[in-house]
Amino acid sequence: RLDSHIRMANPRTADTERALPVRPGGCQGLLCTARMGPPRAAGRGVGCCKSLLSAVDRGAQLTPPLAQTIFATELDLLLLRLHELSPHVSAFYIIESSHSFTGVPKPPLLADALLTDPFKPFIDRIHFTYRQGRTLERGEDPFTQENEVRSAMDAILLANFPPAPAPPPVMLFSDMDEIPSRETVALLKACDFGTSLHLGMREYVYSFAWVVGGDEMGVGSWRASAVQWTARGDTSIGEYYRHSKVTERILGDSGWHCS
């Protein structure tokens, strides 16, 4: 199975999955690894869920989690993401551009790939957008175009959800190579974690055989985030698709960063 490669990278999976029932208040009593400082601070602490999350009877108050990401060429990672998150994510929002962030034109890939057999189990939940990119001006920073793509995703989300006070969705903002675990999504689905929360991830290079260790293991990659989208894109509290620090809070060992 395609998802077996990512599942094998985390030997705790089988036991943890049974310990994370998806039910109102499912957070109660579960242990979570968390670090309560700036993402670049040294050291790491372990605390219970109530350090970052609160058990709450969500009932019909919040929609199931929704995942957003940018696609370039990573069909294999996209399939891993879909298999890993599909048990708990109700919709996948994916955007592809005609140009790379550095302004190099590239052929469209995903539209045709979505018609193939590997994507059939997920196609009803995929919301795909293809956008026209551009060639950069001489000396222009590639991050300018990257931010334009992220802003385009914000516009798509704003167009698909009503303004507050309708029940706010739980948004999972991560790039294609940042894959939250299904246990993490089950936890976020069951718990009230405040406005936003970074997802600390284990980092792997080249393959899942090569994990980056040290004191930062499990939180070294911190840019992915989960957001309770209460204000529908309020930039002052980090409610939009960005790839930088939005809060001091991190939920450790939340997934895998495949660098």
Worked check of side chain to side chain contact (heavy atoms under 4.5 Å, CB included) between D141 and L136: CA-CA 8 Å; D141 192 335; L136 297 183; over 6 Å; no

Side-chain heavy-atom pair V149, R131 within 4.5 angstrom cut-off: yes

E148 and R134 ion-paired at < 4.0 Å: yes

Nearest atoms (heavy-atom pairs only) where G133 meets H99: C-ND1, 3.5 Å

Side-chain donor or acceptor of S254 paired with backbone N/O of L199 under 3.5 Å: no

Heavy-atom closest pair, residues L197 and T247: CA-CG2, 4.0 Å

Point-to-point distance, once rounded to the nearest 0.5 Å, from CG of L110 to CZ of F128: 4.5 Å

R150, R223, E74, H257 screened by side chain to side chain contact (heavy atoms under 4.5 Å, CB included) with D175, the one that passes: R150

Spatial distance of atom CG (D253) from atom CD (E183) [nearest 0.5 Å]: 11.0 Å

Flag, side chain of R249 to backbone of F193, donor-acceptor distance under 3.5 Å: yes

Ring geometry between F208 and Y204 (parallel below 30°, tilted from 30 to 60°, perpendicular above 60°): perpendicular

Member of L85, L187, V89 meeting the side chain to side chain contact (heavy atoms under 4.5 Å, CB included) criterion with P180: L85

Spatial distance of atom CD (Q68) from atom CE (M171) [nearest 0.5 Å]: 5.0 Å

Short side-chain to backbone donor-acceptor contact, E96 and L109, under 3.5 Å: yes

V104 with Y130, same ILVMFWY side-chain cluster at under 4.5 Å: no

Minimal non-hydrogen separation, T102 against S100, with atom names: OG1-OG, 2.9 Å

Straight-line distance of L78 CG to F71 CZ, nearest 0.5 Å: 6.5 Å

Whether Q132 side chain and S98 backbone form a donor-acceptor pair below 3.5 Å: no

Heavy-atom donor-acceptor pair, E84 side chain to R182 backbone, under 3.5 Å: yes

R125 side chain vs S90 backbone, donor-acceptor pair below 3.5 Å: no

I70 vs F101 side-chain heavy atoms within contact, under 4.5 Å: yes

T69 side chain to S174 backbone, donor-acceptor under 3.5 Å: yes

Whether W222 and H198 hold their rings parallel, tilted or perpendicular, with breakpoints at 30° and 60°: perpendicular

R202 and V212: CA distance, side-chain angles, deciding distance, side chain to side chain contact (heavy atoms under 4.5 Å, CB included) verdict: CA-CA 7 Å; R202 297 196 178 206; V212 179; over 6 Å; no

Between CD1 on residue I179 and CG on residue L77, distance to nearest 0.5 Å: 5.5 Å

Closest contact, heavy atoms only, P121 versus P118: CD-O, 3.5 Å

Test log, rule side chain to side chain contact (heavy atoms under 4.5 Å, CB included), inputs F119 and L79: CA-CA 7 Å; F119 288 95; L79 282 169; 3.7 Å; yes

Chi angles and distances behind the side chain to side chain contact (heavy atoms under 4.5 Å, CB included) call for T184, L172: CA-CA 11 Å; T184 294; L172 303 173; over 6 Å; no

Distance, nearest 0.5 Å, that separates OG of S221 from CD1 of I250: 9.5 Å

S259 and E203, any side-chain heavy atoms less than 4.5 Å apart: no

Atom CZ of F143 with >12 non-hydrogen neighbours under 6.0 angstrom: no

